[in-house]
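What follows is a single structure, written as structure tokens, with notes after it.
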Amino acid sequence: MGTISDLSEAYRDVEHPQFLHHIIPLDFSSVNATLPESHAWTRHHEESGSGSGSGSSIPVIDLMDGNAVRMMGEACEEWGAFQLKKHGVGSRVVEGVEVEAKRLFALPANQKMKALRSAGGASGYGRARISPFFPKYMWHEGFTIIGSPSHHAELIWPNRYASFCDVIENYQKEMKVLAEKLTRMIFEYLGINEEETKWVGSNRVSEAVQLNYYPRCPEPNRAMGLAPHTDTSLLTILHQSQTKEGLQIFKEGVGWVRVQPEPGALVVNAGDLLHIISNARFPCALHRVTVNRLHHRYSVAYFYGPPVDYVVSPLAATCEAARFRGVTVRDYIGIKSKNLEEALSLIST
Ligand SMILES: O=C(O)CCC(=O)C(=O)O
Ligand SMILES: [Fe+2]
């Protein structure tokens, strides 16, 4: 149980308890033709690079390819992200979670509210954690799982929570194996010695599963699915449902670039912790989500990182000056929760 509760505690320690209005999602089923003002952002879709025809897109990499280490490393350097094929996670496992996510978010609002995230907590149902940093709300609701989902699942489904938990726990297990493999490969690319990777594969890693739901939206051009952010992880593995609009990644000099769902592929992106460990050689992928008029969209993110008491520091900085001071995962979570995008500059040297 070690880390599982540790990660929850790292979030609970954050001195910034959120207000309920930052947690309770809008009841989207009650919205018909107009976007409520609370959710109306200024137009944002016409920015450069957001057209899929621009030719720019994150690389699609086959994990079984003999050059996978180099390709993943180069993708991380250029984009901080890539799509991964032949990753070894069965399609039934992935589709299984998507089915459970659909079932969960289709419940009436009062049912979902039974599993509402608490003001100081990290897991449960609610708005995106980054909500307090933005003037408008997002067209989104989420369900965060750290450790066992059974507590919250039982509140929602007293009689059928076991099957939900089986599916989620199996997904966590498979994602963890994949995340370990990817971490080892990426560290190899960065030339980080094995001594520093001892935590990989331990049962003390920090991990969380995030189910995301973006209902169809009457005015998609004025709404925001998920506002621009980077992930507070080492790496994130994401499954997205096959919808046209959705995830976009920001590339310096290009703008927002769509990540077209590639059948069977998972999106991998570098989080803040990998940015620090790589001494900023890898950008942490800034990403956001747009919504669409016709289809609901679902995604499942798996966040992976070192144990909360592990000191993250630039390991790939053997001959250059370290650009960040060392910081424990727990402290970094605290800094990020209070400062969001300023967090990295607060630990810069
Ligand atoms: O829905 C997506 O495609 C992205 C989700 C995401 O960025 C997150 O959960 O942190
Ligand atoms: Fe994210």
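One is the number of the first residue; the rest follow in order along the sequence. The shown structure was predicted, so the numbers you read here are calculated from the model rather than taken from an experiment. Numbering of ligands and ligand atoms starts at 1, following listing order. Only heavy atoms go into these numbers, but all of them, side chains included; no hydrogens, no water, no symmetry mates.
- The hydrophobic cluster containing Phe303 does not contain Ile237, counting ILVMFWY residues as joined when their side-chain heavy atoms lie under 4.5 angstrom apart, directly or transitively.
- The single protein non-hydrogen atom nearest to atom 3 (O) of ligand 1 is Arg297 NH2, 2.8 Å, given as residue, atom name and distance.
- Scanning both residues, Leu63 and Ala68, for their nearest heavy atoms gives O-CB, 3.7 Å.
- In the displayed structure, Lys176 atom NZ is contacted under 6.0 Å by more than 12 heavy atoms of other residues, nucleotides or ligands.
- Contact annotation for Phe303 and ligand 1: only side-chain heavy atoms (C-beta onward) come within less than 4.0 Å of the ligand.
- Taking the six-membered ring where the residue is Trp, Phe105 and Tyr125 present tilted rings, their angle falling between 30° and 60°.
- When the Fe ion (ligand 2) is compared with the N/O/S atoms of His229, atom NE2 turns out nearest.
- Residue contacts with ligand 1, taken as heavy atom pairs separated by less than 4.0 Å, involve Asp231 solely via side-chain atoms from C-beta onward.
- Closest to atom 4 (C) of ligand 1, if we only count protein heavy atoms, is Val289 CG2, 3.7 Å.
- Residue Gln210 has no N or O atom closer than 3.5 Å to an N or O atom of ligand 1.
- Looking only at N/O/S atoms, Asp231 comes nearest to the Fe ion (ligand 2) through OD1.
- Under a hydrophobic-cluster definition in which Ile, Leu, Val, Met, Phe, Trp and Tyr are linked whenever side-chain heavy atoms come within less than 4.5 Å, directly or via other members, Leu190 and Phe324 are assigned to the same cluster.
- Side-chain atoms of Val99 and Val167, non-hydrogen and from C-beta on, never get closer than 4.5 Å to each other.
- The single protein non-hydrogen atom nearest to atom 6 (C) of ligand 1 is Leu226 CD2, 3.5 Å, given as residue, atom name and distance.
- Within the structure, ligand 1 has His229 among the residues with a heavy atom less than 4.0 angstrom away.
- Across every non-hydrogen atom of Pro306 and Val329, the tightest pair is O-CG2, 3.9 Å.
- An N or O contact shorter than 3.5 Å links His287 to ligand 1 by distance.
- For ligand 1 and Tyr214, the ligand atoms under 4.0 Å from any heavy atom of the residue are 1 (O), 2 (C), 4 (C), 5 (C).
- Using cut-offs of 30° and 60° for the angle between ring planes, the Tyr137 and His39 rings count as tilted.
- Compare Asn212, Leu211, Val209, Thr236 by their heavy atoms: the one nearest to atom 5 (C) of ligand 1 is in Asn212.
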